[in-house]
Amino acid sequence: MKVRVRFAPSPTGFLHIGGARTALFNWLYARHTGGTFILRIEDTDAARNTQEAVDVILDGLRWLGLHWDEGPLTGEATGPCKGERGPYFQSQRRENYQRRVEALLARDLAYEHDGAIRFRMTREPIMIPDLVVGNVTRELTDREKLEPDFILIRSDGQPVFHFVNVVDDLDMGITHVIRGEDHLSNTAKHVALFRAFGVEPPKYAHIPLILNIDGTKMSKRDKGASLTTYVEEGYAPEAVVNYLCLLGWSPKQNREKLPIREVIELFDLPQILRHNARFDINKLHWLNGEYVREMDRDRYYELAVHALARIGIDTNKFPLDYIKAALDTCKEKIKLFSEVKIFADFYFKDAVDFETDPATEFPPEVRSRLARLREAFAASPAFDAATLEKTLKAVVVELGIKSGLLVHPVRMAATGRPVGPGLYQLLEVLGRDRVLARLDRVLKI
RNA sequence: GACCCUAUCGUCUAGCGGUUAGGACACCGCCCUUUCACGGCGGCGGCACGGGUUCGAUUCCCGUUAGGGUCGCCA
């Protein structure tokens, strides 16, 4: 039987990083088995669902590269979808729920109470077979013993999550339910519902949750809980995906960075770890740097230019060769694309922004040294990195000082920052005119 | 409160009865580099606790503790 898995998020306006990982694991399993990855939007709560909220999910999955085989093509609930088992929005599946609840009512497996429809839940413990956790026997909690039956359809006619979730999985032919462990306890209800419909439930795989670094649960408000954070802070999607793979799953062999192609080959449900993982931004940061350094140049330029645009720098005003040369000096240095602000903004500004007071940054003795260097730079026969280095070192010898006393002030004068790309490389890219102008500005203090 | 899941360095993990408990991130030194980053070398640091089972437990069982989850006319 062909594997059919689904990611079924509720459009809340953001895509939780844990949800992204759930989607990833579903996608990986589908790709590993040659199965079908389905995206279903659980928009039963019409009041707070908007097309924009759905778009956040679609955009997030697309950004991660988790393309679905069946599901919506746009965020519009009545819009186009692909796949034969639609609609893929729960708000469009009302007849299915109605038909299913009537079947239950007809066999007295459900009943009306106070205008709502309840399911006759078994009083016996239910065994949940789980590919990750093993066989779990769920007994009723004391509250449930008081009232084991649960609502299927609210008195306002709206079906509830447990019901629509099961009906859709059934109608869509879902074979494996891969979801967060927060659903494990409730799976007893789902198993009972499947049996009431006369079918065996799909295989379950409850994956551990992602917690904050301090072990607390990641709520909407926690920084880093939303996938958007990583998009905005300049992470590369392939790095985020790779990092997410490492949370609750391991490729073994002491491997950390590996292409998704290999993950697809190695990934399987029984090997998923059973304990929760904490999200360590440090490791993602490191991994992202690895990806940036090994990234294809054109993709790197594209992402870097995009990051510059985010901070209001329009690179279109500059020649392509200049942009590329400037970004080349940063490729081995930055770990995050948001770092282009520190490492490259000065290439694209008319004047440097000093973070500290230029007057104290460039006291008279520093200025006199810079003045000498300016002369040497102006007279230099060429303006390439190697020549610049020779020229600067000659001035250092002439002045009888340590090179740091000249190197640091030039960097500061040219870029406005104490850190950045290699000095001689950046001076070469900036070019003689800009460099002399920036030195002149400092000398006029 | 009841029910369920979980427990290896600070973090992610390898391990699946006998290992000097391995790797990665982070951190700390040194080297490289007159920035930063990369790279190289070294260091710090772990089997939550208590009982069993066994010749022998990080590994198997039970308990405790701790963390997480669930018990909605939320999803």
Side-chain angles (χ1 to χ4, degrees), chain A residues 8-12 19 42-45 48-49 90 113-118 125 128 130 132-134 136-148 150-162 164-165 180-189 206 208-218 243 245-257 273-287 289-290 292-293 330-335 339 342-343 389 392-393 396 402-408 410-412 415 417-423 426:
Chain A
S10 177
T12 56
E42 305 224 331
D43 60 340
T44 50
D45 189 353
R48 72 180 187 208
N49 294 327
Q90 287 185 332
H113 179 76
D114 287 349
I117 296 173
R118 293 176 168 273
I128 303 161
D130 190 287
V132 173
V133 191
V136 176
T137 302
R138 224 330 281 278
E139 288 184 36
L140 273 67
T141 66
D142 52 4
R143 268 177 95 110
E144 287 168 334
K145 280 173 186 158
L146 259 35
E147 180 49 273
F150 58 92
I151 305 284
L152 259 23
I153 309 283
R154 291 192 280 253
S155 50
D156 66 359
Q158 286 288 330
V160 304
F161 165 76
H162 298 300
V164 295
N165 191 262
E181 198 202 80
D182 49 339
H183 289 291
L184 182 57
S185 290
N186 283 147
T187 303
K189 292 176 182 164
H206 285 93
L209 269 21
I210 297 178
L211 309 178
N212 290 315
I213 193 70
D214 63 0
T216 56
K217 93 167 145 181
M218 212 180 240
Y243 178 69
C245 287
L246 264 23
L247 255 29
W249 177 80
S250 170
K252 316 268 176 95
Q253 300 160 333
N254 291 335
R255 303 232 284 144
E256 311 286 335
K257 179 174 184 281
L273 276 317
R274 285 171 286 278
H275 58 267
N276 295 341
R278 303 179 187 204
F279 196 94
D280 185 2
I281 192 72
N282 279 325
K283 190 155 181 174
L284 205 209
H285 191 242
W286 162 77
L287 196 54
E290 296 287 304
V292 170
R293 265 187 296 121
C330 313
K331 189 165 186 286
E332 312 297 310
K333 306 269 184 177
I334 63 167
K335 287 185 175 179
E339 290 171 34
I342 324 172
F343 278 78
E389 181 169 3
L392 184 141
K393 285 186 171 161
V396 162
K402 294 193 173 210
S403 53
L405 291 176
L406 204 45
V407 167
H408 298 303
V410 192
R411 171 185 294 285
M412 185 56 76
T415 73
R417 292 203 170 83
V419 299
L423 179 63
L426 79 84

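Fair warning: this is a prediction, and the values are worked out from it, not measured in the lab. Numbers restart at 1 for each chain; the letters A, B, ... are given by sequence-line order, proteins then strands.
Residue A/Arg154 places at least one side-chain N or O closer than 4.0 Å to OP1 or OP2 of B/rA75. In this structure, A/Thr44 reaches the B/rA75 phosphate: one of its side-chain N or O atoms is under 4.0 Å from OP1 or OP2. For A/Lys335, a side-chain nitrogen or oxygen approaches OP1 or OP2 of B/rC38 to under 4.0 Å.
Judged by Watson-Crick or G-U wobble contacts below 3.5 Å, the nucleotide B/rA7 has B/rU65 as its partner. Searching all strands for a Watson-Crick or G-U wobble partner of B/rG1 with both distances below 3.5 Å returns B/rC71.
Closest to the side chain of A/Leu209, from the set B/rC71, B/rG68, B/rC4, is B/rG68. Considering only the side chain of A/Val133, B/rU6 comes nearest among B/rA75, B/rU6, B/rU35. Nearest to the side-chain atoms of A/Lys333 among the listed nucleotides B/rA37, B/rU70, B/rC73 stands B/rA37. For A/Asp182, whose side chain is taken as the heavy atoms from C-beta onward, the closest listed nucleotide among B/rA75, B/rG69, B/rA2 is B/rG69.
A search for side-chain hydrogen bond (donor to acceptor under 3.5 Å, both in side chains) contacts involving A/Asp130 returns A/His206, not counting sequence neighbours. For the side chain to side chain contact (heavy atoms under 4.5 Å, CB included) test, residues two or more places apart in sequence or in another chain that qualify with A/Glu42 are A/Ala8, A/Arg40, A/Gln90, A/Phe161, A/Asn165. A/Pro125 is linked by a side chain to side chain contact (heavy atoms under 4.5 Å, CB included) to A/Thr137, A/Glu139, counting only residues two or more places apart in sequence or in another chain. With sequence neighbours excluded, no residue satisfies salt bridge (Lys or Arg N to Asp or Glu O under 4.0 Å) with A/Lys331. Partners of A/Glu144 according to the side-chain hydrogen bond (donor to acceptor under 3.5 Å, both in side chains) rule, which considers only residues two or more places apart in sequence or in another chain, are A/Arg138, A/Thr141. With sequence neighbours excluded, no residue forms a side-chain hydrogen bond (donor to acceptor under 3.5 Å, both in side chains) with A/Lys145. Among residues two or more places apart in sequence or in another chain, the salt bridge (Lys or Arg N to Asp or Glu O under 4.0 Å) test is passed with A/Lys393 by A/Glu389.
At a cut-off of 3.5 angstrom, the base of B/rC73 holds at least one donor-acceptor pair with the side chain of A/Ser155.
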Protein-nucleotides 39-45 of chain B N/O pairs closer than 3.5 Å?
none

So which protein N/O to nucleotides 9-14 of chain B N/O distances come out below 3.5 Å?
| unit_1 | atom_1 | unit_2 | atom_2 | d |
| --- | --- | --- | --- | --- |
| B/rC12 | OP1 | A/Arg278 | N | 3.0 |
| B/rC12 | O2' | A/Leu246 | O | 2.9 |
| B/rC12 | O2 | A/Lys283 | NZ | 3.3 |
| B/rU13 | OP1 | A/Gly248 | N | 2.4 |
| B/rU13 | OP2 | A/His275 | NE2 | 3.2 |
| B/rU13 | O2' | A/Ser250 | OG | 3.4 |

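Separating the CG atom of A/Asp142 from the P atom of B/rU70 is a distance of 17 Å, rounded to the nearest angstrom.
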